[in-house]
Novice: 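First the structure, which I've put down as C-alpha cells, then a few questions once you've had a look.
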Amino acid sequence: MIEAGKPATKLRSEAVEVLLERGLIHQCTDIEALDARLAEGPLTAYAGFDATAASLHVGHLMPLMTMRWLQKLGHRPIVVLGGGTSQIGDPSFRKDARPLLEERQIAANIATIRRSVERLVDMEGADGALLVDNAEWLTEFKFLEFLRDYGSQFTVNRMMTFDSVKSRLDAQMPLTVLEFCYMMLQAVDFLELAKRHDCALQVGGSDQWGNIVNGVELGRRDGRKLHGLTVPLLTTASGSKMGKTAAGAVWLHPEHLSPFGFWQFWRNTADADVARFLRLFTELPIREVERLAALKGAELNEAKKILATQVTTIVHGPEDARMALEQGDALFSGEGELSEPTHQMPLKALADGLGLLEVVVHTGFAASNGEARRLVEGGGVRINNQIVDDPRRRIATGDLAANDRLALAVGKRRKALIGFV
RNA sequence: GGAGGAGUGCCCGAGUGGCUAAAGGGGACGGACUGUAAAUCCGUUGGCUAUGCCUACGUUGGUUCGAAUCCAACCUCCUCCA
C-alpha cells in the first residue's frame, strides 16, 4: 500500500489532479492505478456514513466534497448510509465500545442524514448519485453462510495488525467480537457495491483506512481491482481537531445547527485557515481561491464571508446562505438584529419556569448546565443585548420582544434568536 | 528469561495516605484589545434535580475511619542485562 501523496508519474486524470489541488487526498491504496482508472472513463465511488448521531457534521463534509468533485467530473457517487453497520459500532481508534443504538434511533438518524446528503450530491437522472442503506444486504446474511463465505477470507492475525484496533488492545480495553467484526462488514459492503453497482473506489476519513484496506483486499481475493482513498483529518491552524466547538460538533442539519450558526462558524475561521478551507470546502476556481487568500489584513474578512457563504450554499442552499450573510452583516456592522428565529422553544416552557441556563444549552452554545453557568458568571451571556450574570435568572414573558422572540448572545460572535411557539 | 522505570483530567505533565475534582503547561471557551483574525493580558475549564450527590488518576481485588497516593495479581509501554 502506498501512503498518500504524490504520484511518481505525470497525472492522467482530471479527478486526481483536482482532488490533490483541493487538498482532499491523504492516503491512497495506489494513487497511480487510481489515476489511470479514472482517466479511462467514468468510475463509481462510494463513501459511507454511519447513523451514530442525528446529523452529519463538518468532518463529514470532506468525503462528501470528494463525492461532489467526482460527480462533477463525470463519475458516479454512491452514498452508503450505515443502517446495518450502525447496529455494530465502528471500534476504530475508540477507547471503548459505543453504546449500542436502537434500531428506531438508527432509522430516525438515517432519515435526517439522508436529507443533508441529498443536498450535497445530485440524485437526479439516470446518472445521478445513488443513496443506499447497507442494511439492505447486511441484514440478509445468515450467520453460518456469512462465516463460511467471508469469515474464511479474513485472518485474525491480519485484522489485529490495524492501528485502528491496536490502541484498544494495547490499552487492555475489551474489544468485543461484535465490534471486531465491524471491519469485515465494511469490507463486505465494498465488495457488495462492487458487485451490484460496479463500484471501484471507497472514500473515507483517515480513521477509516483500516476498514477501507480490508475491503480492497477482499475485492482482490474476488478478482477485482478496488481502490481506497482517505481524506485528511480536519484540523485548524492551531493544530486542534476541527469541527468540534466547546459546545459540540458543527452539524450540517438545520435542526441541529441553524444555517446562520453554520455560516457564523465559517465566518469565524482564523486567518491562517482561510486558504485551506476555501480549497477544501468551496468549489471556487483555484485562481479565485488564491486571489482571496492573498488578501491582507482586514480585507481577509471578505474572503471569510465568501467562504462562509459558499459553504452554506452547498450545505443549506443559496437562500439560507444569502440570509445568513445579510444577518451577519447587519449584526456586526451596526445595530442590526437577527430577523428570523434560529431556534424554537415551546411557549409553554415559560409558564413552567424556564431557566436561563436551560436556554443557553438549548441553543447549543453550551454543552451542559455547568458550562452555561460558567459562561453566565463570566459575563459572556446577553439577553436582549443586556449582560446577565445571574445563573439563576429565569426567562419570563416580559423578556420577550415582539412575536414572542428572545435575543440571546454568547460572546461576541454567537447569537441566537429564539422563537417561542 | 532476569532487573528496574512508567501508565493521571481533551492532550502533555506534577502529585506518594486526608487540606486533591487533582499543581503547571497546551488546547478550548468567556472578558479586554482588534479586523467577528492573530499575538498579548485577565478569567473559566467533570456532571447533576446542587450548601448536597455522582463520576474520574491502566484493570481487578485488598489494607485503612479515609487511597491517585499503601499492598497483591494482571495488562500495556520503556530501559538495562542474558
Side-chain angles (χ1 to χ4, degrees), chain A residues 59 93-97 99 160 163 165-175 233-250 260-278 292-309 312 324-338 349 352-358 360-361 363-383 385-392 394 408-416:
Chain A
F93 299 101
R94 288 182 62 92
K95 283 186 187 163
D96 45 26
M160 295 214 304
D163 285 345
V165 298
K166 245 199 262 172
S167 52
R168 182 79 146 270
L169 297 171
D170 288 351
Q172 223 243 320
M173 297 296 286
L175 176 68
L233 183 70
L234 183 56
T235 55
T236 63
S238 40
S240 62
K241 248 190 223 177
M242 198 191 115
K244 296 248 162 114
T245 63
V250 179
F260 174 70
F262 186 81
W263 187 90
Q264 270 297 307
F265 168 79
W266 294 101
R267 172 60 187 79
N268 291 331
T269 299
D271 286 11
D273 287 322
V274 171
R276 195 161 49 102
F277 288 1
L278 281 167
L292 291 169
L295 293 174
K296 290 279 177 281
E299 288 183 342
L300 251 184
N301 285 337
E302 284 312 309
K304 291 181 192 178
K305 280 189 203 172
I306 291 170
L307 168 68
T309 308
T312 308
L325 173 63
E326 279 171 16
Q327 299 211 316
D329 276 344
L331 220 45
F332 287 96
S333 66
E335 289 301 302
E337 289 301 330
L338 286 170
D352 302 342
L354 181 64
L356 171 61
L357 301 185
E358 207 180 317
V360 173
V361 171
T363 57
F365 293 158
S368 66
N369 280 350
E371 192 183 325
R373 161 174 282 110
R374 279 175 237 125
L375 284 169
V376 171
E377 285 171 349
V381 175
R382 274 164 293 153
I383 292 177
N385 271 326
Q386 294 286 311
I387 291 179
V388 178
D389 58 6
D390 176 11
R392 278 168 312 188
R394 309 208 79 85
L408 176 81
V410 170
K412 283 178 299 190
R413 310 169 221 161
R414 294 184 287 172
K415 312 204 180 203

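The chains referred to below are lettered A, B, ... by the order of the sequence lines, with proteins before strands, and numbering in each begins at 1.
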Novice: I want to check one thing: is the phosphate of B:C29, taken as OP1 and OP2, less than 4.0 Å away from some side-chain N or O of A:R414?
Specialist: no

Novice: When both hydrogen-bonding distances must be under 3.5 Å and the geometry is Watson-Crick or G-U wobble, what is B:U51 paired with, if anything?
Specialist: none

Novice: Rounding to an integer number of angstrom, what distance separates B:A38 and B:C33 when you compare their C1' atoms?
Specialist: 12 Å

Novice: Which base, if any, makes a Watson-Crick or G-U wobble pair with B:U69, both distances under 3.5 Å?
Specialist: none

Novice: For B:G62 and B:U69, measure between their P atoms and round to the nearest Å.
Specialist: 14 Å

Novice: Tell me the partner of B:A6, counting only Watson-Crick (N1-N3 plus N6-O4 or O6-N4) or G-U wobble (N1-O2 and O6-N3) with both under 3.5 Å; none if nothing fits.
Specialist: B:U76

Novice: Rounded to the Å, how far apart are A:E358 CD and B:C48 P?
Specialist: 12 Å

Novice: To the nearest angstrom, how far is A:F365 atom CZ from B:A28 atom C1'?
Specialist: 17 Å

Novice: Quick one: does A:R382's side chain have a donor or acceptor within less than 3.5 Å of a partner on A:G411's backbone?
Specialist: yes

Novice: When rounded to the nearest Å, what value does the distance between C1' atoms of B:G4 and B:C19 take?
Specialist: 34 Å

Novice: Nearest whole angstrom, please: distance from the C1' of B:G47 to the CG of A:L357.
Specialist: 14 Å

Novice: Testing the basics here: between A:F332 and A:Q264, what is the closest heavy-atom pair and its distance to 0.1 Å?
Specialist: CE1-NE2, 3.4 Å

Novice: When the P atoms of B:G2 and B:G66 are considered, how many whole Å apart are they?
Specialist: 36 Å

Novice: Given atom CZ of A:R373 and atom C1' of B:A50, what is their separation to the nearest angstrom?
Specialist: 8 Å

Novice: Within the 4.0 Å limit for protein heavy atoms, which parts of nucleotides 33-41 of chain B are touched? Write it as a string from 5' to 3', B for base, S for sugar-phosphate only, - for none.
Specialist: BBBBB----

Novice: Considering only atom P, compute the distance from B:G7 to B:C57 and round it to an integer number of Å.
Specialist: 14 Å

Novice: Measure across A:K415 and A:F260 and return the closest heavy-atom pair with its distance rounded to 0.1 Å.
Specialist: O-CE2, 3.8 Å

Novice: Name the residue closer to the 5' end of RNA chain B, choosing between A:R382 and A:G370 according to the nucleotide with the nearest heavy atom.
Specialist: A:R382

Novice: For the side chain of A:T363 and the backbone of A:V360, is there at least one donor-acceptor N/O pair under 3.5 Å apart?
Specialist: yes

Novice: Using atom C1' in both nucleotides, what's the gap between B:U40 and B:U51 to the nearest angstrom?
Specialist: 39 Å

Novice: I'd like to know if A:E377 pairs up with A:R374 as an ion pair, taking the criterion as any Lys NZ or Arg NE/NH1/NH2 lying under 4.0 Å from an Asp or Glu carboxylate oxygen.
Specialist: no

Novice: Mind checking the P distance from B:U16 to B:A21? Whole angstroms is fine.
Specialist: 16 Å

Novice: Which heavy atom in A:A293 sits nearest to a heavy atom in A:A275, and how many Å separate them?
Specialist: CB-CB, 3.5 Å

Novice: B:C48, B:U45, B:G30: which one has an atom nearest the side-chain heavy atoms of A:V410?
Specialist: B:G30

Novice: Report the base-pairing partner of B:A32 (Watson-Crick or G-U wobble, both distances below 3.5 angstrom), or none.
Specialist: B:U40

Novice: Starting from P on B:U45, measure out to CD on A:E371 and report it in whole angstrom.
Specialist: 12 Å

Novice: Which pair of heavy atoms, one from A:F277 and one from A:T269, lies closest together, and at what distance?
Specialist: CD2-CG2, 3.5 Å

Novice: What's the shortest heavy-atom distance between A:V376 and A:P391, and which atoms?
Specialist: CG1-N, 3.7 Å

Novice: Tell which nucleotide pairs with B:C57, taking only Watson-Crick or G-U wobble pairs whose two distances are both under 3.5 angstrom.
Specialist: none

Novice: Taking the P atom of each, how far is B:A14 from B:U8, in whole Å?
Specialist: 10 Å

Novice: If we call it a pair only when both distances are under 3.5 Å in a Watson-Crick or G-U wobble match, what pairs with B:U64?
Specialist: none

